Amino acid sequence: MSNYKNHKNKIDKILNREISLEENVLYFLKNIEEKNYLNAYNFVFPESIEKAKKVEKKIFSGKYGKLAGMVIAIKDVIAIKDKPLTCSSNILRNFVSLYNATVINKLIAEDVIIIGKTNCDEFAMGSSNENSAFGKVFNPHDTNRVPGGSSGGSAVAVAADLCDASLGTDTGGSIRQPAAFCGVFGLKPTYGRVSRYGLTAFASSFDSIGPFAKSTDDIALIISVIAGKDKNDSTSGNQTVPDYTNNLNFDKKLVIGIPKEYFSEGLYYEIKDKINEILNKLKLNGFVIKEINLPHNEYTIATYYILTMAEASSNLARYDGARYGYRIENPKNLLDMYIESRSKGFGAEVKRRIMLGTYVLSSGYYDAYYKKAQKVRQVIKNDFVNAFKSVDIIITPTTPTTAFKIGENEDDPLQMYLNDIYTTSINLAGIPAINIPIGKDKNNLPIGMQILANQFEEEKLLQMSNFIEKEILKSD
Ligand code: GLN
């Protein structure tokens, strides 16, 4: 086990010569090899050993970046120059990126060590990491179970101690749900808080990049680095980026909203009980707990899937065998090349979404599905706007169950989609949310709790997460 609490502690230990950065990277590389059966990584970068030597020198010189020596894994949907960018799809199996995503440039500028690229559901579509051309990812707490998806590899890499932290992406829960299933912290920032430049698009009006880590401290540190306006992403927000790490302590007791729609039937009782335990302790600590309503919650899954499939069908039109990636050999003609390259290159779930997305956008059905879903999105967003008039933050479960068995939902896409019942509304509204690990169920599987805040109020979210981590859970 890497034996430091958080990044700050790691730097202290390096400076005190209690640990060497090179040995630390070698440890992670060895652990990745030993736990190869988890299938968390698509690619591992051995040059991280050389990088460790350089960064260690920098640390001792006294001039080093905020993330110096943090060993990070990157979901394989984010571009790193001269490295493969496959999106865990056969259609991009041999594709190499020509440039760095903005988040990668920002991380490198602060001296991180990028150790590899992590496995995920193909094009980030899934909730179990069973849809990958590189094979399934397994949950380190129980290898008969899924790690969650789509950023399963990134969650497992952190949970199994195969790196310090990782980046994932969240379009409808893909950071928070695997974080919950694997027992780590995972933050989905406000839409636009982090540049999407260099992220392969799935559903552009939903996609967000965010960190997985073992503590709120490290989440705060990473988001402080990767957030901010980017001229290459016109949807990135202008709001200044606070140093989240300096402001992790509260100056007042917050009002916490509990939406009753999120605690109804279908929620596994052990998750409910654990959250209630925490809420009781928060009450004892002077927080006000208030029941609220998010009345249109029942429409979130349908709205989310209609809109994201529509966006995906148009974003994925670019993989046509002509410009990027896989092309069949000896096509009969141009149309044959398009059809066969796409039919062979994409996996089943991606094809299902392209077809459904094309259907809801087709002229005869556009008004009934796509346009209507856009309107419902606004209604769901308004539910949150109203809720945040009377509460500072909202607490909910992250998932209705703990990690389910491999294969359990594989043949039933609707059942699989229902897993996202508590996460998709957050992306419809564009607000930030974090998963925090709060304990285990009777099968020793991690339980996650979700904290939500209003747009660009990551600070409150991190303060709450920090308080629960340090004061509530540690006192257990
Ligand atoms: N599970 C959701 C889906 O399959 C979320 C995916 C994501 O956030 N990338 O669409």
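In listed order, ligands and their atoms are each counted from 1. Throughout, numbering of the chain's residues begins at 1 and tracks the sequence. The structure presented is a predicted model; accordingly, all values stated were derived computationally and were not measured.
The aromatic ring centroids of Y304 and Y417 lie 6.0 Å or more from each other.
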The test is ring pair (Phe, Tyr, Trp, His ring centres under 6.0 Å); show your working for F95 and Y319 and say whether it passes.
CA-CA 12 Å; F95 183 76; Y319 307 103; 8.4 Å; no
Hey, mind stepping through N315 and S204 against side chain to side chain donor-acceptor pair (under 3.5 Å) and telling me if it holds?
CA-CA 8 Å; N315 273 326; S204 311; 3.0 Å; yes
Candidate pair S154 and K75, rule side chain to side chain donor-acceptor pair (under 3.5 Å), full reasoning
CA-CA 6 Å; S154 295; K75 184 177 183 181; over 6 Å; no
Worked verdict on S89 versus E122 for side chain to side chain donor-acceptor pair (under 3.5 Å):
CA-CA 5 Å; S89 178; E122 185 176 2; 2.6 Å; yes
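D217 has a carboxylate O that lies under 4.0 Å from a charged side-chain N of K470, or vice versa, which qualifies the two as a salt bridge.
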Can you list every pair where an N/O of ligand 1 is under 3.5 Å from an N/O on the protein?
unit_1   : atom_1 : unit_2 : atom_2 : d
ligand 1 : 1 (N)  : G126   : O      : 3.0
ligand 1 : 1 (N)  : S127   : OG     : 2.8
ligand 1 : 1 (N)  : D420   : OD1    : 3.4
ligand 1 : 1 (N)  : D420   : OD2    : 2.9
ligand 1 : 4 (O)  : G126   : N      : 2.9
ligand 1 : 4 (O)  : Y305   : OH     : 3.4
ligand 1 : 4 (O)  : R353   : NH1    : 3.3
ligand 1 : 4 (O)  : R353   : NH2    : 2.8
ligand 1 : 8 (O)  : T171   : N      : 2.7
ligand 1 : 8 (O)  : G172   : N      : 2.6
ligand 1 : 8 (O)  : G173   : N      : 3.3
ligand 1 : 8 (O)  : S174   : N      : 3.0
ligand 1 : 8 (O)  : S174   : OG     : 2.7
ligand 1 : 9 (N)  : A124   : O      : 2.8
ligand 1 : 9 (N)  : S150   : OG     : 3.4
ligand 1 : 9 (N)  : S174   : OG     : 2.7
ligand 1 : 10 (O) : Y304   : OH     : 2.7
ligand 1 : 10 (O) : R353   : NH1    : 2.8

